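Numbering starts at 1 and runs along the sequence shown. On a predicted model such as this, the values are computed, not experimentally measured, just so you know.
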Amino acid sequence: MIKIYAKKRYFFGTSESRKLRLKNFFPAIIYGKKKSSLFMMLNQNDIINLFNKNTLENKKLLIILKKKNIYVKIKEVQMHPFKYKFSHIDFLRV
């Protein structure tokens, strides 16, 4: 099982997302199973290393967010147009 450590996001919007990316983080969201959405931020380097080592498509992942274990699959990945950096990831609860 692949583990991803995340931090909760409290501020939203374009300017806040840009500030996150300048600090080497990027926004992400978990939704599905008729539960409320969870907004979080992920470390750019950690996720790039995971993608380089593993094929994460259609795999069950474990996200640890404030001592909660949430099982998810990747729904959509948005990348920067020409840099190898993530802009946003959508996760779907399993």
Side-chain angles (χ1 to χ4, degrees):
M1 177 80 39
I2 298 172
K3 294 180 184 177
I4 299 174
Y5 294 93
K7 295 180 182 178
K8 189 160 175 69
R9 254 177 81 200
Y10 298 101
F11 301 104
F12 308 100
T14 306
S15 64
E16 293 299 326
S17 295
R18 287 182 182 148
K19 289 176 188 176
L20 278 179
R21 291 184 188 107
L22 287 173
K23 295 176 184 174
N24 207 29
F25 286 91
F26 65 93
I29 186 169
I30 299 174
Y31 56 86
K33 284 202 171 181
K34 298 183 181 179
K35 293 184 179 179
S36 61
S37 299
L38 296 174
F39 300 95
M40 60 187 176
M41 57 183 169
L42 302 173
N43 188 312
Q44 190 77 247
N45 294 336
D46 294 344
I47 303 302
I48 286 174
N49 289 339
L50 281 176
F51 269 77
N52 287 340
K53 292 178 184 175
N54 304 299
T55 304
L56 299 179
E57 293 177 23
N58 299 324
K59 282 194 177 178
K60 194 173 176 182
L61 307 172
L62 173 64
I63 293 184
I64 300 171
L65 178 67
K66 281 196 163 184
K67 298 182 183 177
K68 284 186 184 176
N69 293 338
I70 305 164
Y71 294 96
V72 297
K73 284 189 178 182
I74 294 176
K75 179 71 175 173
E76 185 180 348
V77 176
Q78 296 174 8
M79 300 287 291
H80 190 277
F82 56 87
K83 296 179 183 176
Y84 188 59
K85 287 192 167 196
F86 293 94
S87 296
H88 191 274
I89 296 182
D90 291 351
F91 294 100
L92 186 63
R93 281 188 180 94
V94 179

_Pairs touching residues 55-71 that satisfy salt bridge (Lys or Arg N to Asp or Glu O under 4.0 Å), sequence neighbours left out_ = none
_Pairs involving residues 10-33, ordered by first then second residue, that meet salt bridge (Lys or Arg N to Asp or Glu O under 4.0 Å) (sequence neighbours left out)_ = Glu16-Lys19
Distance-only donor-acceptor hits, side chain of residues 82-94, under 3.5 Å, sequence neighbours excluded:
residue	atom	partner	partner atom	Å
Tyr84	OH	Asn52	OD1	3.1
His88	ND1	Asp90	OD1	3.0
Arg93	NH1	Gly32	O	3.3
Arg93	NH1	Ser36	O	3.4
Arg93	NH2	Ser36	O	3.2

*Residues two or more places apart in sequence or in another chain: which of them pass ring-ring contact (aromatic ring centres under 6.0 Å, His included) with Tyr5?*
none
*Heavy-atom check, side chain of Asn69 versus side chain of Ile64, under 4.5 Å*: yes
*Heavy-atom distance under 4.5 Å between the side chains of Arg9 and Ser17, does that happen here?*
yes
_Non-hydrogen atoms of Tyr10 and Phe12 that approach each other most closely_ = O-CE1, 3.6 Å
*Which heavy atom of Ile29 sits nearest a heavy atom of Ser37, and at what distance?*
CD1-CB, 3.9 Å
In one Ile/Leu/Val/Met/Phe/Trp/Tyr side-chain cluster, 4.5 Å: [X], [Y]:
| X | Y | value |
| --- | --- | --- |
| Met40 | Tyr31 | no |
| Leu56 | Met79 | yes |
| Leu20 | Ile63 | no |
| Ile4 | Ile48 | yes |
| Ile70 | Phe39 | no |

*Residues in side-chain contact (heavy atoms from CB on, under 4.5 Å) with Asn43, at least two apart?*
Asn24, Phe25, Asn45, Asp46
*In Å and rounded to the nearest 0.5 Å, what is the CG to CE distance from Leu61 to Met1?*
8.0 Å
